[in-house]
Amino acid sequence: MNESLLIEKYDAVVVGAGHAGCEAALALARLSLNTIVFTVSVDSIAMMPCNPNIGGTSKGHLVREVDALGGEMGKNIDRTFIQSKMLNKSKGPAVHSLRAQADKKEYSYTMRKVLENTDHLTIRQGEVTELIVEDNVLVGVKTNTGTIYHCKVCVLCTGTYLKARCITGNVSTYTGPNGLQAANYLSESLEKNNIQIRRFKTGTPARMDGNTVDFSKMEPQYGDEKIVPFSFTNKAEDLEREQVKCWLTYTNEKTHEIIMDNIDRSPLYSGYIKGTGPRYCPSIEDKVVRFSDKPRHQVFIEPEGNYTNEVYIGGMSSSLPEDVQEKMYRTVPGLEHAKIVRNAYAIEYDCIDSLELLPSLELKKIKGLFSAGQANGSSGYEEAAAQGLIAGINAARKVKGEEPVIIDRSQGYIGVLIDDLVTKGTNEPYRMMTSRAEYRLLLRQDNADERLTKIGYEVGLIDEERYRLFCEKYDMIQKEINRVKNTFVGNTEKVQNLLERYNSTLLPSGSSLAELIKRPELSYEILEEIDEKRPKLPEDVAEEVNINLKYEGYINRQMKQVEQFHKLERKKIPSDIDYSKVGSLRLEAIQKLTDVQPESVGQAARISGVSPSDISVLLVYLEGFIHEK
C-alpha cells in the first residue's frame, strides 16, 4: 500500500446524503457510532431534485412511521412546509394520507443544520469510488482522492447518482440530478464483488417562472385550515402559518397532438433511453400513448418555495427535446406565455438488484454493507427515508452485536416496502401504494405511533419523555374506549332528536354509545351532546377512539388474518437448506428459493414463482429436516 495514502477510521460510513443518507447517518450517530457521511456536494444534502413535496397517498404513512421510529423527515417537513393537506378525507381512514408542499431550499438547509449539529456525525464532500472487501466482509471505502476510510459498517444511499446521465431529446449530460456530479466508479466496485446491477430511469418536469404563468386560468388548490403534523412530537396549533396556493390545470387535445407528432423524437420511444422507468409515475409521453382515450390529464402547478418565483409543473414529466417542450407546455391553459427556467429531463442510473438484500437491508454477499433508497431500485423521497432509517438502525445493531430490527408486513408500510423489495424484487422503480398493504386498516397513518414507537424506544431513538407521553396517550385512548362501551343512553327526547337530525334510525330502547358510533352517519364527535360524562380529550385521542370503535369489526377481522400470517412467519427456514434436495419441488421454485434465501415459510410464500403447492412440499420437508437435526 502506498505510504502516502491518508487513512481514517470510523465506526460507520454513509455514502450519499439524500433522504436515505440523512436518516441512515442520523440513526447511526444518535446510536453513538462515530459516523461520516459522504456527499458529492454539501449543498445537496436532503435535496429535492424532483417534486417539492413530502407525503401523499401511502407515502404519508411512511413519513409518520419514520417519525414514530425516531427518524427526522416528519419533523423537518413540519418545520418547512408551505402548504399542508390531508388527502382522501372523503374515504375511509385506511387511505387518509398527509401531504405537504415544502420550501425546497429551506427543507434542505434545515436538514443540513440538523446533521451539522448531531454528535458523532461528520459531513464530508467527496466521492466514494471503491469498496474495500476482505473475505466477503466490508472493511472500508476509498474516495476519488485516494483516502481510505476504515469502518465496521457502511450504508450505500447513492440515489440516482451511479453512472447517471440526464437526457433531454437526443442530448445527454453525464451528471446527476440538477447538474450535480455523477458517481462514475462505485458501480464497477460493486460488480467486482458480484453484486447484480440494474439500470433504471426516472424523470422530472420543467420548472417555470411563476411571473409568466396566468393563474387566472387555473383552479386554486388550498391547504387545510387545521394542520395535521407529520411528527407526533408536534401540535397542530404550533404549526399554524400562512399557506401558499397550488393550482390545477389540464392538458388538452392540442397538447397530445404535439406529443404524438414528435413521439419519434422521444428518447423513451426511440430506444435512446435504456433504463426501465416507473410504471406508476409515467412521463406525459407515456400517459398520452398508454391512455389514448383520455382527452386530458391533470397538471398541478406547485410553488418551489417562499423566496423564489419558480414553479413545478407536476404531472408533465418529460424527456422530449427542448423545442417540443416549449410547444407542448404552452398549450396548457395558463402556461401559454410561461417561460421555462429548467427543462424537463429523464435520468438514467445504476442500482442494485434488491434480491441481493437481506430483510435487514444488509447485502447477502458482503457482510457489513447495507443499502437503502433508490440504490435498491425504489423511487420517492419517503421510500428512501424509510429504508435509510432501517438500514442505519440495523448497521448500528450489527456493530453492537444485536439482532436486526425487522418491521413485518403487519406492523407497517415500511415492512411492506422492504419485504416487497427483498422477497419479490422489482423490475422497475418501486413506488409505495396503499394497495400493496394487505392489512391497511391496521396500518393507518393516524396510529403509526401506536405500532412503532415502542420499537423506536427499544432501539434507542425515542427518548424517555417522548415514550412517557406516548404511553399516556394510548392509556387515555383505551380508558375512553372502555368508558364509551359501558355508557348507555335511552330513547329520550334529546337522544331521538339528535338521531333524527342525522337521519339515523331512532332507538326502540337503550343502546351503548359505542354501538351508536358504529352507525355510518354518526361519530364520537357527533354524540358529544348526549354524552354527559365525556372527558375533554386531545383531538388525536378522540380521533383514535372514534376509528377504533367505528371499525372494530373490520379491525378484529384483520387481526385474525395477521395471526395466520404470523404462524407462517414463525416457521423459520434453516440457512443451510439445499432446496435441490427437497423432493417434488418444481425447478422454478428451487431456483427462486435458492436466489432469495427466505428466512421463513411466510417469506417463501410471497416469492414470485413459488406456488402454494411448493409451500406445502416445503412444509413437509422442513418437519423431517428439523427432526433429523
Side-chain angles (χ1 to χ4, degrees), residues 55-68 74 77-78 81 84-100 223-240 412-413 434 437 439-454 466 469-485 487 498 502 512-531 533-556 558-559:
T57 303
S58 76
K59 292 169 177 279
H61 292 66
L62 287 172
V63 181
R64 296 204 106 200
E65 290 179 1
V66 165
D67 183 75
I77 186 60
D78 280 351
F81 75 84
S84 179
K85 197 170 190 176
M86 184 68 74
L87 304 182
N88 303 322
K89 284 193 289 189
S90 63
K91 300 177 182 177
V95 294
H96 291 179
S97 250
L98 194 57
R99 183 178 187 269
D224 292 338
E225 283 188 27
K226 189 162 187 62
I227 301 299
V228 177
F230 268 105
S231 176
F232 292 98
T233 62
N234 289 324
K235 294 180 180 178
E237 55 268 28
D238 297 331
L239 299 180
E240 290 179 4
Y413 273 70
T434 51
Y439 312 115
R440 54 187 170 273
L441 186 53
L442 303 180
L443 308 183
R444 306 183 309 275
Q445 57 87 29
D446 59 88
N447 72 349
D449 58 339
E450 180 184 12
R451 294 182 277 113
L452 298 173
T453 299
K454 186 178 180 184
R466 179 172 175 182
L469 293 172
F470 157 76
C471 291
E472 286 178 1
K473 173 184 173 181
Y474 278 91
D475 183 55
M476 210 184 301
I477 291 168
Q478 200 51 57
K479 283 180 179 175
E480 182 61 2
I481 287 173
N482 291 336
R483 185 193 71 81
V484 172
K485 283 184 174 181
T487 299
L498 180 139
Y502 286 93
S512 71
L513 290 176
E515 287 303 314
L516 289 177
I517 287 170
K518 289 177 182 177
R519 295 186 180 186
E521 66 277 7
L522 301 178
S523 68
Y524 176 73
E525 184 181 358
I526 287 170
L527 298 182
E528 182 175 9
E529 66 181 81
I530 60 170
D531 184 1
K533 295 185 178 179
R534 172 174 166 166
K536 185 169 178 59
L537 297 172
E539 193 167 329
D540 57 345
V541 170
E543 180 187 24
E544 286 295 290
V545 171
N546 184 64
I547 291 172
N548 276 282
L549 289 169
K550 185 171 282 292
Y551 297 94
E552 186 177 42
Y554 299 103
I555 289 170
N556 289 339
Q558 285 217 331
M559 290 296 289

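Keep in mind the model is a prediction, meaning the values are calculated, not measured.
Pairing each heavy atom of Ala100 with each of Phe81, the nearest pair is CB-CB, 3.9 Å. Nearest heavy atoms, Leu522 versus Tyr502: CD2-CB, 3.9 Å. Taking all atoms of both residues into account, the shortest heavy-atom contact from His61 to Leu443 is CD2-O, 3.1 Å. Closest heavy-atom contact between Pro229 and Leu239: CB-CD1, 3.5 Å. Contact record, Arg451 with Gly412: NH1-CA, 3.4 Å, taken as the closest heavy-atom pair. When every heavy atom of Phe232 is checked against every heavy atom of Ala68, the shortest pair comes out as CE1-CB, 4.3 Å.
Put simply, the side chain of Pro538 reaches to within 4.5 Å of the side chain of Met476, judged on heavy atoms.
Taking CD of Glu515 as the reference point, atom NZ of Lys518 lies at 4.5 Å (rounded to 0.5 Å). Note that CD of Gln445 and NE2 of His96 are 8.0 Å apart. Values are rounded to the nearest 0.5 Å. Here Leu513 contributes atom CG and Asp531 contributes atom CG; the two are 5.0 Å apart, rounded to the nearest 0.5 Å. For the atom pair OG1 (Thr487) and CG (Asn482), the distance works out to 10.0 Å, reported to the nearest 0.5 Å. Considering NZ of Lys59 and OG of Ser97, their distance stands at 10.5 Å, rounded to 0.5 Å. Taking OG of Ser58 as the reference point, atom CG of Leu87 lies at 10.5 Å (rounded to 0.5 Å).
Counting heavy-atom neighbours within 6.0 Å of Glu472 CD, excluding the residue itself, gives a total above 12. By the neighbour-count criterion of 12 heavy atoms within 6.0 Å, atom CD of Glu539 is sparsely surrounded, having that number or fewer from other residues, nucleotides or ligands. Crowding of Glu237 atom CD: a count of heavy atoms from other residues, nucleotides or ligands under 6.0 Å exceeding 12.
Side-chain atoms of Asp78 come within 3.5 Å of backbone N or O of Ser231 as a donor-acceptor pair. Side-chain atoms of Asn546 come within 3.5 Å of backbone atoms of Tyr524 as a donor-acceptor pair (strictly under, hydrogens ignored). The backbone N or O of Glu529 lies less than 3.5 Å from no partner atom in the side chain of Arg534, so there is not a single donor-acceptor pair. Lys550 places a side-chain N or O within donor-acceptor distance of the main-chain N or O of Ile517, the cut-off being under 3.5 Å. With Glu65 contributing its side chain and Tyr413 its backbone, the two residues share a donor-acceptor pair below 3.5 Å.
Taking the side chain to side chain contact (heavy atoms under 4.5 Å, CB included) definition, one finds that Lys485 meets it with Ile481, Ala514, Leu549, Glu552, sequence neighbours left out. Considering only residues two or more places apart in sequence or on other chains, Gln558 meets the side chain to side chain contact (heavy atoms under 4.5 Å, CB included) condition with Tyr439, Leu441, Leu442, Gln561.
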Practice task
Could you go through the side-chain contact (heavy atoms from CB on, under 4.5 Å) check for Asp238 and Ile227 one step at a time?
Solution key: CA-CA 9 Å; Asp238 297 331; Ile227 301 299; over 6 Å; no

Practice task
Let me see the working for Ile526 and Arg519 under side-chain contact (heavy atoms from CB on, under 4.5 Å), right down to the final yes or no.
Solution key: CA-CA 11 Å; Ile526 287 170; Arg519 295 186 180 186; over 6 Å; no

Exercise for the section: Could you check Val228 against Ser84 for side-chain contact (heavy atoms from CB on, under 4.5 Å), going step by step and ending with a plain yes or no? Expected result: CA-CA 8 Å; Val228 177; Ser84 179; 5.8 Å; no

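For the salt bridge (Lys or Arg N to Asp or Glu O under 4.0 Å) test with Glu544, the passing option among Arg444, Lys479, Lys473 is Arg444; the others fail.
Looking at Arg466 and Asp449, no side-chain N of the basic residue comes within less than 4.0 Å of a carboxylate O on the acidic one, giving no salt bridge.
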Do any side-chain atoms of residues 88-95 form donor-acceptor pairs under 3.5 angstrom with protein atoms, and if so which ones, sequence neighbours left out?
residue	atom	partner	partner atom	Å
Asn88	ND2	Val95	O	2.9
Lys89	NZ	Asp224	OD1	3.4

